[in-house]
Structures are given as structure tokens and as C-alpha cells.
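The residues of the chain are indexed from 1 along the displayed sequence. In this text, all values refer to a predicted model and were calculated from it rather than measured experimentally. Computed from heavy atoms alone, side chains included, the values below leave out hydrogens, waters and symmetry copies.
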Amino acid sequence: MSALTKQYGYFVFVLSVRPDILPLMQQLRTRIFHAYNKLTEAEKEEVFVYDSLLLHQASSPCIQGRDVQKPLEQWWWHLDLVANGSLYVCAR
């Protein structure tokens, strides 16, 4: 799992200069979501840090798009709602 969390972190860090990786980042975060119970405490903390950074970047104009078919608990698919304040996310 460590490789997944590290890759997710990389995608979050480069998202502002490579917005084209948003769908890949979202798919990867969904994989982490489904495997969350298998993560170590250190990996969960790492995901929290990356999620916090992604939430901070949500209002960036380069991050657009939304998959309305995804549940709201998978907030990374709904960053436009996060950005406009319609969806409040507590990273923990």
C-alpha cells in the first residue's frame, strides 16, 4: 500500500502544474479509499497530509471537473463543490 500512498502524494504535489493528471489522481484516491482499512497508521497519516493539501488546492482554477455519479463521501471527485463551499470535508 505504501506505493499507492506515495503515488497519490506525488500526484497531489504536481497537480497544480499538471492538471491533466486529475483523473488519474482521483482513481488512485478511490483505490486507497477502498483499501483504507488495510493501511498502516503511518500510511493513514500520510493520506491525511495529502488530502489536506488537495483540499487546500481545490479552489485552484486548474482543478475542474466532477463525476456526479460518484458518492459524495468520495469528495475528491467533487472538488468544484469543495471549492465553492457546497461540500464541506473534514479530512479525518
Worksheet entry | Pairwise side-chain contact, Phe11 with Gln7, heavy-atom cut-off 4.5 Å (strictly under) | yes
Practice prompt. Measure the shortest side-chain to side-chain distance between Tyr8 and Asp51 over non-hydrogen atoms and say whether it is less than 4.5 angstrom.
Written response: yes
Fill in: ring-ring contact (aromatic ring centres under 6.0 Å, His included) against Phe33, all qualifying residues, sequence neighbours excluded
Trp76
Discussion item. Tell me the closest heavy-atom pair linking Ser59 and Ala83, and the distance in Å.
Written reply: CA-CB, 3.7 Å
Practice prompt. Can you sort out the partners of His34 under side chain to side chain contact (heavy atoms under 4.5 Å, CB included), two or more places apart, ordered by chain and number?
Written response: Thr30, Gln74
Worksheet item: Say you draw a straight line from CD of Glu46 to CD1 of Ile32; how long is it, rounded to the nearest 0.5 Å?
Response: 8.5 Å
Worksheet, complete the sentence: Output for pair (Leu81 CG, Leu72 CG), nearest 0.5 Å, gives 7.0 Å
Worksheet item: Excluding sequence neighbours, so at least two apart, what forms salt bridge (charged side-chain N to carboxylate O under 4.0 Å, His left out) with Lys70?
Response: none
Fill in: Gap separating the CG atom of Leu54 from the CD atom of Gln26, nearest 0.5 angstrom
8.5 Å
Practice prompt. State yes or no: do Tyr88 and Val82 share one hydrophobic cluster built from I, L, V, M, F, W and Y residues joined by side-chain heavy-atom distances below 4.5 Å, directly or via other members?
Written response: no
Item to complete: Could you tell me the separation between the CD atom of Gln57 and the CG atom of Leu15, rounded to the nearest 0.5 Å?
Response: 5.5 Å
Fill in: Rounded distance [0.5 Å steps], OG in Ser16 versus NE2 in His56
10.5 Å
Worksheet entry | Distance, nearest 0.5 Å, that separates CG of Leu24 from CZ of Arg18 | 9.0 Å
Item to complete: Would you check if Leu79 and Leu22 make a side-chain contact, meaning some heavy-atom pair closer than 4.5 Å?
Response: yes
Fill in: Residue pair Val47 / Arg29, side-chain heavy-atom distance below 4.5 Å
yes
Discussion item. Can you see whether Glu43 engages Thr5 through a side-chain donor-acceptor pair at a distance of less than 3.5 angstrom?
Written reply: no
